[in-house]
Amino acid sequence: SSHKDLEPGEFVAGIRWEEERYPEGIKWKFLEHKGPVFAPPYEPLPESVKFYYDGKVMKLSPKAEEVATFFAKMLDHEYTTKEIFRKNFFKDWRKEMTNEEKNIITNLSKCDFTQMSQYFKAQTEARKQMSKEEKLKIKEENEKLLKEYGFCIMDNHRERIANFKIEPPGLFRGRGNHPKMGMLKRRIMPEDIIINCSKDAKVPSPPTGHKWKEVRHDNKVTWLVSWTENIQGSIKYIMLNPSSRIKGEKDWQKYETARRLKKCVDKIRNQYREDWKSKEMKVRQRAVALYFIDKLALRAGNEKEEGETADTVGCCSLRVEHINLHPELDGQEYVVEFDFLGKDSIRYYNKVPVEKRVFKNLQLFMENKQPEDDLFDRLNTGILNKHLQDLMEGLTAKVFRTYNASITLQQQLKELTAPDENIPAKILSYNRANRAVAILCNHQRAPPKTFEKSMMNLQSKIDAKKEQLADARRDLKSAKADAKVLKDAKTKKVVESKKKAVQRLEEQLMKLEVQATDREENKQIALGTSKLNYLDPRITVAWCKKWGVPIEKIYNKTQREKFAWAIDMADEDYEF
DNA sequence: TGATAAGACTCAGAAAAGTATAC
DNA sequence: GGTATACTTTTCTGAGTCTTATC
């Protein structure tokens, strides 16, 4: 099928993600589902598991006990030692205590949760030791639950729901230095739940003895269920899986917007370079910020309410303290040194040579400011995006990330793929291209705990393989010598088989070495996020087709489901 | 009407669960 | 051939972006 140049939503018979157009803003006509699955009720601890306060056994009321178990389960984790975590936890825990408990338990440090903690560890261990039959039984129950609650009907399709289970109560763990860490995430009840479905659908029934907060029929949104969470007061949603029509189509649209940017990006770049010279400070700031977003793939950087979240920034919210200007550094002129915490408190550290004009502008923006002042004091994401909207319909700051990620993949694949390499080497090239994007987008991960060890294991495998290969070569050599003397069919055959053995070992060795390189280069880099969210999957599909690499080598089952639209659509000459 | 808050959606890495491989 | 370990996939839910509603 060659309909690669269709616009999103354009009609092609028989292909589900191109099936139907809706009027502006309408997301569906029919929606029916069974509602959410609630967290299992709290099971009180056995009598034998004791809690001690100030060295003395103390029986806790069920509510206080439940919250105590949340803490006990996290005892091994670093954040139970953090001041803020402990303070927040203790404050919320006390709210769940009876008056009597409140009078006794006044100091968290005097609480001894070790028995609880050991009890849960033993339970985890027991779960691992379960018999095959018991494990199978649990698996079957999960499948039954998925079958009943994990799907919905949206228009003419049965679609997988992403998160049909309600988040269980527990202690909030933010990322980085979150001021609310340790607070109690309360149990969500049917009375908190808003159900969204179509008027002609069967409304899901709430658990016996309960009522929904509300049932609404809003086909301008895609969610099925929502509730308000108690830590930040924000709304949580149950939505569809990425394999669904509604998500797939949106994903496609995202990449089409990025492709439209490709057509006008040169013009936009010229424009912001002009704007570096503007008389208006606001315009200059906008132009420098946009330059960063384009060149460095920074996020937009919305304002955040102070004290409500970890202190992280994006481009527009950068502060003076986050950059350092070096007129000269390591033989390069006009270097900007970035050091700040971005989304999820992941550190962004980069030394970037910039154009003189950008450098001079930054000096100007920083004049007479304190470290904690905004670098771009005349700019925010609203102003920036409004400007971008004028440059291209649908253009916002994040489109630059998508565009630069995808174009980088395409370029890198072109550059790195050697036509006569074998499949494993091709896959290494793909991973390297993917890695270039992950580095651009600053997608990092904590090095795996067993990284050093697993590297050493791999190295010893390589060494062993090298020895095998040396042996095989020696054998081949002596077989050849024999053949030279004897010249009979039998010895010739032996030479052939020894040759094959050497070849096979060479291939195996090469595969291992490739694996080692790949793993080493990947130590602190997370490839998943870019693969899933930034790279136009059609580039990958085309590359696989062009070089005969099976798509399964690049995308696993879930990823193939998510990118089904692209796998169907792109042929080998697709260009982003 | 424009600033702000609420709402809806995408994107994020850690951890748990599942599977393959080594021993 | 069974079990421990390593590696991969899935789940989880927090943290962003951007749009829409509200005062």
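In what follows, chains are A, B, ... by sequence order, proteins preceding strands, each numbered from 1.
Between A:Leu532 atom CG and A:Lys562 atom NZ the span is 4.5 Å, to the nearest 0.5 Å. Note that CD1 of A:Ile346 and NE2 of A:His443 are 9.5 Å apart. Values are rounded to the nearest 0.5 Å.
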Please assess A:Ile26 against A:Lys220 for the test side chain to side chain contact (heavy atoms under 4.5 Å, CB included), listing each intermediate value before the final yes or no. CA-CA 5 Å; A:Ile26 305 297; A:Lys220 296 211 172 51; 4.3 Å; yes
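At a threshold of 4.0 angstrom between heavy atoms, the contacts of A:Ala397 are confined to the sugar-phosphate backbone, with no base atom among them. Note on A:Lys247: only backbone sugar-phosphate atoms sit closer than 4.0 angstrom, heavy atoms only; bases stay farther off. At a threshold of 4.0 angstrom between heavy atoms, the contacts of A:Gly233 with the nucleic acid are absent. Residue contacts for A:Lys386: at a heavy-atom cut-off of 4.0 Å it reaches no nucleic acid atom on any strand shown. Among the heavy atoms of the strands lying under 4.0 Å from A:Gln232 are primed sugar atoms or P, OP1, OP2 only; no base atom is included. Backbone-only contact: A:Gly301 has heavy atoms under 4.0 Å from sugar-phosphate atoms and none from a base. Within the 4.0 angstrom heavy-atom criterion, no nucleotide atom of any strand lies near A:Pro242. Across all strands shown, A:Ser234 has no heavy atoms under 4.0 Å from either base or sugar-phosphate atoms.
When each of A:Ile246 and A:Thr228 is assigned the nucleotide of DNA chain B bearing its nearest heavy atom, the one mapping closer to the 5' terminus is A:Thr228. Comparing A:Thr558 and A:Val399 by the nucleotide of DNA chain C whose heavy atom lies nearest to each, the residue mapping closer to the 5' end is A:Thr558. A residue-by-residue look at A:Lys557 and A:Ile166 shows that A:Lys557 has its nearest nucleotide of DNA chain C further toward the 5' end.
OP1 or OP2 of B:dC9 lies within a sub-4.0 Å distance of a side-chain N or O belonging to A:Thr222. Between A:Gln389 and C:dC18, a side-chain N or O to OP1/OP2 separation shorter than 4.0 Å is absent. Between C:dT17 and A:Asn302, a contact under 4.0 Å exists linking OP1 or OP2 to a side-chain N or O. Between A:Lys27 and the phosphate of B:dC9, there is a side-chain N or O to OP1/OP2 separation shorter than 4.0 Å.
When rounded to the nearest whole Å, the span between CG of A:Asn380 and C1' of C:dC18 equals 13 Å. Protein atom NE2 of A:His387 is 17 Å distant from nucleotide atom C1' of C:dC18, rounded to whole Å. Rounding to whole angstrom units, CD1 of residue A:Ile427 and P of C:dT8 are separated by 12 Å. Remark: C1' of B:dA6 and NZ of A:Lys236 are 16 Å apart, rounded to the nearest angstrom. In this entry the distance linking CG of A:Leu171 with C1' of C:dT13 reads 14 Å, nearest Å. Remark: P of C:dG14 and CG of A:Asn163 are 12 Å apart, rounded to the nearest angstrom. Computed from coordinates, the A:Ile235 CD1 to C:dG16 P distance equals 18 Å when rounded to whole Å. To the nearest angstrom, P of C:dT20 lies 8 Å from CD of A:Glu24.
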Using a 4.0 Å cut-off on protein heavy atoms (strictly under), produce a 5'-to-3' string for nucleotides 11-23 of chain B with B for base contact, S for backbone-only sugar-phosphate contact, and - for none. BSBSS------S-
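Candidate nucleotides B:dA8, C:dT13, C:dT17 were compared by shortest atom distance to the side chain of A:Val221, and B:dA8 ranks first. In this structure, of C:dC18, C:dT11, C:dT9, it is C:dT11 that holds the atom nearest to the side chain of A:Arg160.
Between A:Glu159 and A:Arg245 there is no salt bridge, since no side-chain nitrogen of the basic residue lies less than 4.0 Å from a carboxylate oxygen of the acidic one.
Between A:Trp93 and A:Phe89, the ring-plane angle classifies as parallel under the 30° and 60° cut-offs. Using the six-membered ring where Trp is involved, A:Phe85 and A:Phe71 have ring planes that are tilted, between 30° and 60° apart.
A 6.0 Å sphere centred on CD of A:Glu372 holds more than 12 heavy atoms belonging to other residues, nucleotides or ligands.
A distance-only check finds a donor-acceptor pair linking the side chain of A:Asn88 to the backbone of A:Pro179 [under 3.5 Å].
Partner of A:Arg319 under the salt bridge (Lys or Arg N to Asp or Glu O under 4.0 Å) criterion, chosen from A:Asp311, A:Asp373, A:Asp374: A:Asp311.
For A:Glu561, the salt bridge (charged side-chain N to carboxylate O under 4.0 Å, His left out) partners are A:Lys557, not counting sequence neighbours.
Across every non-hydrogen atom of A:Arg347 and A:Tyr349, the tightest pair is NH2-CD1, 3.6 Å.
Overall, the helix from B:dG2-C:dC23 to B:dC23-C:dG2 carries an axis bend of 10° between its ends, with five pairs at each end and the value rounded to 10°.
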